[in-house]
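What you are looking at is a predicted structure, and each value in this text was computed from that prediction instead of being measured. Just the heavy atoms: all of them, side chains too, but no hydrogens, waters or symmetry mates, feed the values below. Proteins come first, then strands; the chains are lettered A, B, ... in the order of their sequence lines, and each starts at number 1.
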Amino acid sequence: MTTTPTATSTDVRTRLAAQAVEATKVYGSGPTAVMALDAVTVGFEAGRFTAIMGPSGSGKSTLMHCVAGLDTVTEGRVLLGDVDLGTLSDRDLTLLRRDRVGFVFQAFNLVPTLTAEENITLPDRLAGRRTDPDRLAEVVETMGLGDRLAHRPSELSGGQQQRVAVARALVRRPDIVFADEPTGNLDSRAGAEILQLLRRAVDELGQTVVMVTHDPRAAAVADSVVFLADGRIVGRDDGPTTASILERTSSLGG
Amino acid sequence: MLFLTLREMRAHARRLAGTSLAVVLGVAFLTGTLVLGSTLRRNFDDLFAGAVAGQDVVVRSETLMEMDSPRGLIDLSLVERVEAVDGVAHAEPEVSGLGQLLGADGEPIGGMGPPQLAGSWTEDPELNPYRLAEGRAPERSGEAVVDRNTLERGDLALGDTTTLLTPEPFEVTIVGVATFGDEDGMAGVTYTGLTLEDAMAQVTGSPDGVSSIAVRAEEGVSPEELAERLDAALPDGVEAVTGEALADEQMDEIADTFLDMMLAMLTTFAGIALLVATFSIYNTFSILVAQRTRQVALLRAIGAGRGQVLRTVVIEALVVGLVAAAVGLVGGLGVAALLTALFDLAGFALPTGGMVVTASTVVAGLVVGVVTTLVAAAAPAVRATRVAPLAALRDAEVERTSPSRARAVVGGAVLAAGVGLTLAAATSEGGNVAVAGLGAVLTVVSAVVLGPVVARRAVAVLGAPVARLRGVPGGLARENAMRNPRRTAATASALMVGVAVVTLFTVFASSLEASLEDTLDRSLASDLVVNDGAWGGGGFSPGLADELATLDEVEVATGLGTGEVRIDDDVKSVSVAEPAELARVADLGVTAGSLTDVGDGRIAVAEDTASSHGWAVGDTVEVTFVDGRTEELAVAATYEVDDLTGGYLLPRSVWERHALQPTDRMVLVDVADGVDLDEAEAAVTEVADRFGGPNVEDREEFTATMTAGVDMMIGVVYALLALAVVIALMGIANTLSLAVHERVRELGLLRAVGTTRAQVRSAVRWESVVLAVFGAAGGVALGVFLGWALVETVSAATGNLGSFALPTGTLAVVLVAGALAGALASVRPARRAARLDVLTAIASP
């Protein structure tokens, strides 16, 4: 099935945390132009865990970048909440990323010269604010980082580093958390841990998480999976299991 | 962001320290120069103040050429008039002039820089800056007091007899040893004090004239007041100045003729060093910023604004600049000591004393250090703000940046303007130095701007032999140097500027030497030249030429001296000789009249000078001499070749009527027919030794002596430029280090697939060599062009320095040296690259 939720839903419970409307992204120009996104329209519901899946070159990362305000669309619109990202200046985009969005990348998430705690509180310090100590304690406990706060990233395992990254993403209660292949560099146990933490963030803390992944087992943790191929939405699974995802991806081809 | 910045800096302290070294050196040089300047100024000040201590007022003649010539004399009888003035406690006449004291070896003591003085020994101890330490004051003719320093240098002692040349030889016996206040002497000045009668007879040669009258004021009378009263009582042409004013005057003189020029020169070289340092810092910061791209991108992704990123880099630059400047300030003290030692080595004795560090020096050093670093880091800082947040998600890419079109166009335009202006100025009639200078600056700027544009092609060409001969490592070296033309050009630019300046001076010096040789070749026709060296001492007595002329071995011996007169109220240099005799040993290219006609009451004038004044043979010129008297001299000849004699040639008879101590600087000797040159030389030397031992040389030796002076000057220039070149090379080493750090993964890969450690080292080394040769070649090309322009402009403007000589040998050496230096700069980075652990390297982020 290829249903696309409407861009203007008035249902409070299924409010969209972010959406793309006829979003098109073209790299380069002339004969060497590459169309990474082709008039994609998709919404990400608030308070839910959405995964974006697709083979390499499908545009899944590009879609996330655009929706997250890290990249701009060539045509169409991207909205975070009610804000049209295309109307924002670089400064406003920066502030938006700082205050309302959380990021977890696949690698190189942390500043090597800062401790875990300093990395977590970095966005607040950039804003010139002190992190609420209660909130910090809450997030640290949820991530299980209590005894690692004073360590530098070089002294942490891959899994611990990602947990710090997730903590940083969550500590300011963002409207939405974007994760780009967060388990890509981790072994299966550490990866599973991270996915569980993200799951808990949605279930217990009411966060919205949008995750790009190529791993079916990771996507199975999500509430919904959006499938991309060749820059277009080619499917959606609102009750994903590993099996159902595998079936979908094999039918899509590599 | 501040805490992050500081944390980052602490983590990368070593890397930043390497960067800052360039600024440290530049600031140290500048501060050293400033400290040297303040110290010298203070020391000279103290010296002159000491020299006039106790002399409340000095009465002297008003007539003056410039400080090179002594003042006119005043009448001895004025002493009575002075003593009669109310408020005068004591007045004593003084004679002072040039006098060379011969040491135990028969050579004049001293001479390089500080004057060699002789005069009357002032009896009133309060009016005499010198104090009698041993022995007694001179009482009879032939007795002398000499300062202790001079005695030591000349290996003389109390009771010895030696000769004083004023410039006539005069035998003296040392009866007293003096100190200058508490010092053994007045900073290198040699002083011989005679009785007043002796001084009047020997030094000034006048029976009733003295140089000055020193006056001590009574209690309660201020020097200024006394000076006024004396002025009123004195006749026209004689003035009274306070001791303080005299000291100030001497201070100004030293400042104008020596201090300011020396400091300007040193500051210029410090400026060059700092310019090179700017390149170095720019490059390093560019690399540092590039290396932190991913981190900057991450920060931008999580919400750091552009301004915050900019501030990070600026703060880093600020801290680096401040620390470097502070260290440089301290280093500057060492540099000042070094510079003083350098001058001592070259023979110029400077007055010594503790170092003077003024507040303005400290401020200047700090400001310059900080500003240099900030300016250099500005462009990289702005570049950092342009890092897109997306870069955090991408792998580090190979920067295959191509320089923009705009750069090529703008650079080309500036180059055209610069070269055009320089050519126009150099080939124009009068030679416009200002325009040529502007053109030169534009050319240099365009060379820097166009660097990245030509880098790729230039390196491809320069690296081709390396790639062919050195296999894979050579090919890698060439590729690496080509891959980031902007960085390659920035690194090489620093060396280019340094080499360009070195080449500029080398070309200029070789042209100077060539012109000098041409001149001497053209104008000098004598077999032997008796002279006192390239820097000239005080000259020697004209009696030498007279005596040489009587020798059997000598056909012609004629002397050539110099002096100053006023013509049209301008001070002019004149040469003094027997023009008829001179014509026999030198070819002056007479254009009108004849040199044999230039006798008493006549003058010969150079063609250029004559035409600019509108004089022809037969016209009269009004000349005022140092004694205040004026004569009308008829132009009896004009000549073309003015290198030897300058614009004006006076017959000896005219000059000796007015001059106080006529001296010759050269004697041109033609050997008699049939006499062996060596024999003649020996005979001449024997006579010359009795007159203070000036050099006796044949034409070749004489030319060599003259050009040796240029060589020495160039040596000093090279020493001063060495710093700039060192900074440039450090920049190359730095860049390579950082580049190796950047390419760790790539190097690991190479090693993994079978490149040996030696090959990796070789690749890094050859990359450095190619870079260095690129910079050096550019510098040589630029330097040759600018040197040519300088020579042409100067020769057009002054009429001297005709020929342009390209010292190809030296330039080849410069290129080779550049290549070697490049190899040297690469040693540490190459070793580090070769030592990488393969697995760690590949796994690097």
For [X], is it the side chain, the backbone, both or neither that has a heavy atom under 4.5 Å from a heavy atom of chain B?
X	value
Leu110(A)	backbone
Arg152(A)	side chain
Glu181(A)	neither

Discussion item. Is there a side-chain contact between Leu114(A) and Phe3(B) in this structure, where contact means two heavy atoms from C-beta onward sitting under 4.5 Å apart?
Written reply: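 Of all side-chain heavy-atom pairs linking Phe3(B) with Leu114(A), at least one is under 4.5 Å.
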Worksheet item: Do the side chains of Leu126(A) and Leu4(B) get nearer than 4.5 Å, heavy atoms only?
Response: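 Result no, sub-4.5 Å side-chain heavy-atom pair not found.
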Worksheet entry | Passing candidate, side-chain contact (heavy atoms from CB on, under 4.5 Å) with Pro389(B), options Asp71(A), Leu70(A), Leu93(A) |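 With Pro389(B) as partner, side-chain contact (heavy atoms from CB on, under 4.5 Å) holds for just one option, Leu70(A).
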If you count the non-hydrogen atoms of other residues, nucleotides and ligands that lie under 6.0 Å from [atom1] in [X], is the total more than 12?
X	atom1	result
Asp230(A)	CG	no
Arg457(B)	CZ	no
Asp147(A)	CG	yes

Worksheet item: Looking only at heavy atoms, what is the nearest atom pair of Thr94(A) and Arg300(B), with distance?
Response: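 In this case the closest contact between Thr94(A) and Arg300(B) is OG1-NH1, 3.2 Å.
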Discussion item. How close do Phe105(A) and Ala301(B) get, counting heavy atoms only, and between which atoms?
Written reply: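 Scanning both residues completely, I find the closest heavy atoms to be CZ-CB, 3.9 Å.
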Discussion item. Heavy-atom cut-off 4.5 Å, strictly under: side chain, backbone, both or neither for Gln295(B) against chain A?
Written reply: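 When you check distances to chain A, atoms from both the backbone and side chain of Gln295(B) fall under 4.5 Å.
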Roughly how far apart are [X] [atom1] and [Y] [atom2], rounded to 0.5 Å?
X	Y	atom1	atom2	value
Leu299(B)	Arg97(A)	CG	CZ	11.0 Å
Asn119(A)	Ile302(B)	CG	CD1	7.5 Å
Thr113(A)	His12(B)	OG1	NE2	7.0 Å

Item to complete: Select, from Asp90(A), Val111(A), Val101(A), the one with the greatest count of heavy-atom pairs under 4.5 Å involving chain B.
Response: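 Between Asp90(A), Val111(A), Val101(A), the count favours Asp90(A).
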Side-chain polar contacts of residues 373-381 of chain B - donor-acceptor pairs under 3.5 angstrom, sequence neighbours left out - could you list them?
residue, atom, partner, partner atom, Å
Thr373(B), OG1, Gly369(B), O, 2.7

Discussion item. I need the residue from Ala304(B), Gly305(B), Ala11(B) with the largest number of non-hydrogen atom pairs under 4.5 Å to chain A.
Written reply: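 It is Ala304(B).
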